[in-house]
Amino acid sequence: MLMGMGDLQVRAAATDILSYLVEFSPATVQQFVMQEAQQSKNNLEIFEFLDIFYDRYIHVLTAPLLADTSEEWYEIDNYQTAEMLASVLELLSFCVERHKYHMKILIIKKDLLRRTLVLMKSKHKFLALCALRFMRRIIGLKDELYNHYITLGNLFEPVINAVFDNRNKCNLLKSALMELFEFIRKEDIQFLIAHIVENFSDALESVKYIHTFQGLKTKYEQEKYQQNEKLNSVSFILPGETFVKEVAVSQVDEDEQFSEGEEKAAPTSPASSNGSYPTYTTLTTVVTAPKQRGLFEVFGYPDDEDDKTSPKKRAHLDS
């Protein structure tokens, strides 16, 4: 890692350390190389195993879940079936955290979360709790693709319904529901917060005594206010127009300064003794660059000593 850094001093130091290790402890270097090779081999084997597992056998694991969670809900009266589904969900929840890539494809392709949340209606609270825990693992990843999948499918609806069904109860399922929404609030997952508030705020008014939902609404309003403030603070003048205006104002100021300088440097010359005015040869050179500050150089005006000379002396010099 140090050898790949851009700092030359760090790379030089890493090279020295490596040379010392090779010179004085070659066995350590050899052991490290063997461990890295073995680890790479193990990782390759794991990837190959996961590819085979998710390609050939994952449908065997999810088959009972998909079979018992059709769109038309029916109660699972068999306790053993409920236990089996709970075990499947526990294993899938583990896979969501460990095999992120493969599980993401499976969940979205099979619409697995929607089918799982059907179990929130089960009379077996441990089964509803496993379904909720599966969703909690997905949201805990804070993955944008998962968040879009949840909001587009309106998958919070069965969860909100479970909140109303358990609002007057004190059980583990209610605590898990509150923990889910509290996690979303604390982690400030704005995409999910906006979805919940915009779609379920009216329904959640009946449980406004629950501080978690009030906190979600407050987070939503704060984020909306900050976005409005940012929009109001953005200037609608294009950068090019601003630059042109600044140049124009600068040019006007320079013209005014130049006019004032001409008035001060060229006072009215007094008449000579014979009634004629002295003649001056004036050379004015003006160098201006477009869209830059003007540079003015004026030559040929009488200097301060000539200004103090009497009119008679000036006429004499001119003659």
Side-chain angles (χ1 to χ4, degrees), residues 69-73 75 89 92-93 96-97 103-104 107-108 110-234:
T69 55
S70 61
E71 293 295 333
E72 296 181 1
W73 163 250
E75 184 58 65
L89 286 175
L92 291 176
S93 298
V96 165
E97 291 184 333
M103 281 300 296
K104 188 183 297 184
I107 290 171
I108 295 176
K110 298 291 185 181
D111 201 9
L112 195 59
L113 181 57
R114 181 188 300 277
R115 305 291 291 272
T116 299
L117 291 176
V118 173
L119 299 175
M120 295 288 296
K121 302 176 183 178
S122 176
K123 66 179 181 180
H124 304 286
K125 297 303 179 185
F126 68 91
L127 183 57
L129 187 62
C130 288
L132 180 64
R133 188 179 295 116
F134 181 66
M135 184 178 186
R136 172 65 177 80
R137 292 290 186 275
I138 293 175
I139 293 178
L141 296 177
K142 294 187 285 186
D143 187 278
E144 291 185 3
L145 184 60
Y146 274 138
N147 292 342
H148 280 83
Y149 165 69
I150 292 171
T151 55
L152 289 175
N154 197 26
L155 299 184
F156 270 105
E157 184 176 359
V159 180
I160 297 296
N161 292 334
V163 171
F164 290 123
D165 294 339
N166 294 272
R167 58 183 172 179
N168 296 323
K169 300 177 181 179
C170 183
N171 53 28
L172 190 58
L173 180 58
K174 180 180 178 180
S175 299
L177 288 166
M178 294 302 101
E179 192 276 335
L180 172 64
F181 290 105
E182 187 67 17
F183 172 80
I184 295 173
R185 185 190 69 82
K186 285 185 176 180
E187 295 297 323
D188 198 18
I189 308 177
Q190 284 296 329
F191 193 79
L192 297 181
I193 292 175
H195 173 76
I196 295 170
V197 174
E198 291 174 359
N199 292 276
F200 304 104
S201 59
D202 295 338
L204 293 174
E205 284 295 321
S206 60
V207 288
K208 61 182 180 181
Y209 57 88
I210 300 178
H211 299 294
T212 299
F213 297 117
Q214 291 298 314
L216 289 174
K217 190 174 182 179
T218 302
K219 283 275 189 181
Y220 172 76
E221 292 173 350
Q222 289 175 350
E223 180 66 19
K224 195 172 182 180
Y225 175 78
Q226 291 177 359
Q227 291 179 357
N228 292 334
E229 286 293 316
K230 289 180 181 179
L231 291 175
N232 293 332
S233 62
V234 173

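- You'll find the side chain of E205 reaches within 4.5 Å of the side chain of K217, heavy atoms only.
- Two residues are said to be in side-chain contact when any heavy atoms from C-beta on lie closer than 4.5 Å; K121 and N161 fail this criterion.
- Among all heavy-atom pairs drawn from R185 and L216, the shortest one is CB-CD2, 3.6 Å.
- Rounded to the nearest 0.5 Å, atoms CZ (R167) and CG (D165) are 8.5 Å apart.
- Considering CE of M120 and CG of L173, their distance stands at 5.5 Å, rounded to 0.5 Å.
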Exercise for the section: Kindly determine whether V96 and I107 satisfy side chain to side chain contact (heavy atoms under 4.5 Å, CB included), including the steps that lead there. Expected result: CA-CA 9 Å; V96 165; I107 290 171; 3.9 Å; yes
Exercise for the section: Evaluate side chain to side chain contact (heavy atoms under 4.5 Å, CB included) for V207 paired with F164, printing each intermediate quantity in order. Expected result: CA-CA 8 Å; V207 288; F164 290 123; 4.2 Å; yes
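- With rounding to the nearest 0.5 Å, the separation of OG in S93 from CE in M103 is 8.0 Å.
- When all heavy atoms of I150 and M135 are compared, the closest pair comes out as CG2-CE, 4.1 Å.
- Inter-residue side-chain proximity for T116 and T69 is flagged as unmet; no heavy-atom pair is nearer than 4.5 Å.
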Practice task
Go through the steps for Y220 and Y225 under the test side chain to side chain contact (heavy atoms under 4.5 Å, CB included), then give the verdict.
Solution key: CA-CA 9 Å; Y220 172 76; Y225 175 78; over 6 Å; no
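- Between the CD1 atom of I184 and the CD atom of E179 there is a distance of 9.5 Å, given to the nearest 0.5 Å.
- A 4.5 Å side-chain heavy-atom check between L172 and F126 finds every atom pair outside the cut-off.
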Handout entry: Test log, rule side chain to side chain contact (heavy atoms under 4.5 Å, CB included), inputs L145 and K104
Key = CA-CA 9 Å; L145 184 60; K104 188 183 297 184; 3.4 Å; yes
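- A donor-acceptor pair under 3.5 Å links the side-chain atoms of R114 to the main chain of G153, judged by distance alone.
- Between the side chains of Y149 and D143, no donor N or O sits under 3.5 Å from an acceptor N or O.
- Side-chain contact check for Q190 and D188: at least one donor-acceptor pair (N or O, by modelled atom type) lies under 3.5 Å.
- Shown here is K224, whose NZ atom has no more than 12 heavy atoms of other residues, nucleotides or ligands within 6.0 Å.
- To the nearest 0.5 Å, atom CG of residue L192 and atom CZ of residue F183 are 9.5 Å apart.
- A donor and an acceptor atom, one from each side chain of N154 and N199, are nowhere located under 3.5 Å apart.
- The side-chain heavy atoms of F213 and V197, taken from C-beta on, include no pair separated by under 4.5 Å.
- Between H195 and F200, the angle of the ring planes goes over 60°, which puts this pair in the perpendicular group of the 30/60° scheme.
- Taking each heavy atom of F134 and L113 in turn, the nearest pair found is CD2-CD1, 3.8 Å.
- A donor-acceptor pair is defined here as one N or O able to donate and one able to accept, closer than 3.5 Å; no such pair exists between the side chain of N166 and the backbone of K169.
- Residue L117 holds its CG atom at 10.5 Å from CD of E157, rounded to the nearest 0.5 Å.
- Distance alone, capped at 3.5 Å, places no donor-acceptor pair between the S122 side chain and the L119 backbone.
- What you find for F191 and N147 is that their closest heavy atoms are CE2-O, 3.7 Å.
- A 6.0 Å sphere centred on CD of E198 holds more than 12 heavy atoms belonging to other residues, nucleotides or ligands.
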